[in-house]
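Presented below is the structure to which this report refers.
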Number of protein chains: 2
Amino acid sequence: MAEVVAGIDIGGTNTVIGIVNRNGDILAESTLPTRCNATFDVFVKNLTGAIEQLLMELGHEHRLLGVGVGSPNGSYNLGAIVDAPNLEWKGILPLCKEITLLTGVPSVVTNDANAAALGELLFGAAKGMKNFVVITLGTGLGSGIVVDGKLVIGHDGFAGEFGHVVAKANGRQCGCGKKGCLETYASATGLRRTAFKMIADSNQPSMLRNVTYDKLTAKMITEAAKTGDPLARAAFEYTGLILGTRLADLVAILNPEAIFFFGGLANAGELLIDPVRRYMEEYMFPVFKGKVKLLLSGLQDKNAAVLGAAALIWEELDKSAR
Amino acid sequence: MAEVVAGIDIGGTNTVIGIVNRNGDILAESTLPTRCNATFDVFVKNLTGAIEQLLMELGHEHRLLGVGVGSPNGSYNLGAIVDAPNLEWKGILPLCKEITLLTGVPSVVTNDANAAALGELLFGAAKGMKNFVVITLGTGLGSGIVVDGKLVIGHDGFAGEFGHVVAKANGRQCGCGKKGCLETYASATGLRRTAFKMIADSNQPSMLRNVTYDKLTAKMITEAAKTGDPLARAAFEYTGLILGTRLADLVAILNPEAIFFFGGLANAGELLIDPVRRYMEEYMFPVFKGKVKLLLSGLQDKNAAVLGAAALIWEELDKSAR
């Protein structure tokens, strides 16, 4: 009898369900629309139905031990999704309770970045590390913090909002209502804002001057920078300055062994990491200089969200067993 | 047979030794000069001699279980003091190894702020809390971070250097070699620098205009603010802005239940905490607004450094027993 868990990645549009073993192999996978014009209860029934379907396809020698979920605004402490702006159901959604009622196995939820950190720890490039941080660079900036081998959850279950430290007093408007948050500079969206501001502020020639704001993507800026476009390169340099400085602060607080980058913008690789490293080292407290590794996620090419959610429930099951 | 530990507070000038029981009662205490024109080996011999002396005075029904030390630049991971600028011995001093050789009991060291956090957890106002931060406001700013009931040590044993996050790019020169570190603004020394800058920049009348920089103390500024001196009040307001903003960042990262203030400048009480709270709330990520308690240390009137060092070794003994 092979023991498996279900790893669930709830996104604004689709939800991905994977059946994952102890080694981090995804044995079976399917997708469900999240935006489904149904009540939350119906959505959870569809979700657990999809898990059963996958298990049936795998055959009876697989035993489900638990369900882990990564979700925007997932609260580990409450076992619920709380006021997620991108989902059609509002308020506090008691996801884990309902999953457990329907499946009979334990269920646990956290946000995407926390799940990514656990995925890195169990199945990725952080195996064996005790103290590290995973930074997810997508539409926003998320962070998952591991201290002494365990995910930092915080008093209310919302630790790791590193995307909302102040990068610039009275800076760019952030979706959270504050101004100048780190993610308004260091994210795919932030890079786009930086490039557009530079188009306006400078006279540097750039292939990006022919693109509208709505059409401009971080990928286009990355491609432009790779061909040597000076404005695109300057946008990465500025992103590195902002992110590097704040990472030096994060290191001073937590003294991690490594910082991993994950998500769309991380695909820019050294284009991004090189300036981040230079500025981080420049602003680093002396005792930490040259000591912290900046690395790409070891799950960058895999379905990291599903693996992270699976890692979350494997961790939880191990904790209960101790 | 009563079980006790020794809590040692190594300061630049003097070293305080206390014999402490499980409840945090200091049963006996003595002081030794740290600046003693002797080798480090001789200092450690004097130190363990003083512990024996105290135990003898207490009588034979007391059994020493371990020795905890709080020291500037104390590295928990190495069991050593590393390049402490205020001590006369340089390099890596293998303190714990030597103490254990001479006493036959386990020994452990950490920095002052980490010891303060453990003291707060075991014997102070943080009893029962799982996630909190202690900020020590003296000559500099130190921090001890507790996550999930355990002190955050970090990969190299130097976590908690919150005094060296950047408060202002290219700001005031810090003793660490960087510029604009938080402790150059938010500490007794930082308050003094702020008041002096305000004397130069503004025309506000102030009783502080008659004091030289070398004679000005945080206590004098506190007294002046209490009598309504507008310049002294403005200095506290500015300190609150800088510290409050950075504490909002710390909350976003760690989601603590409470933040405790300890040390000389904390004696200013609400004069300091009121502006810190206002600015922290103003810059707070929405989900944390109104949730984080700002409190004075529960050990403010006790010998917290000795109690913190004692708490450190009690924790260590408990860990080994688990």
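All values derive from a computational prediction rather than experimental measurement. Sequence lines set the chain letters: A, B, ... in the order given, protein chains first and strands last, and positions in each chain run from 1.
- In A/Asp201, the CG atom is crowded: over 12 heavy atoms of neighbouring residues, nucleotides or ligands sit closer than 6.0 Å.
- Proximity to chain A is limited to the side chain of B/Lys291, based on heavy atoms less than 4.5 angstrom apart.
- A/Lys178 places a side-chain N or O within donor-acceptor distance of the main-chain N or O of B/Tyr283, the cut-off being under 3.5 Å.
- Atom NZ of B/Lys197 has 12 or fewer heavy atoms from other residues, nucleotides or ligands within 6.0 Å.
- Summarising the geometry, atom NE2 belonging to B/His164 is positioned 12.0 Å from atom CG belonging to A/Asp249; distances are rounded to the nearest 0.5 Å.
- Contact annotation for A/Pro286: only side-chain heavy atoms (C-beta onward) come within less than 4.5 Å of a heavy atom of chain B.
- Neither the backbone nor the side chain of A/Phe132 comes within less than 4.5 Å of any heavy atom of chain B.
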**Item:** Trace of the side chain to side chain contact (heavy atoms under 4.5 Å, CB included) decision for A/Ile145 with B/Ile253
**Value:** CA-CA 9 Å; A/Ile145 300 166; B/Ile253 296 168; 3.6 Å; yes

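- For a heavy-atom cut-off of 4.5 Å, chain A lies close to B/Asp148, B/Lys150, B/Val152, B/Ile153, B/Gly154, B/His155, B/Asp156, B/Gly157, B/Phe158, B/Ala159 in residues 148-159 of chain B.
- Per-residue counts of heavy-atom pairs under 4.5 Å with chain A were compared for B/Leu254, B/Val166, B/Val147; the largest is that of B/Val166.
- Within a 6.0 Å sphere centred on CG of A/Asn170, other residues, nucleotides and ligands contribute 12 heavy atoms or fewer.
- With a 4.5 angstrom heavy-atom cutoff, A/Met284 touches chain B only via backbone atoms.
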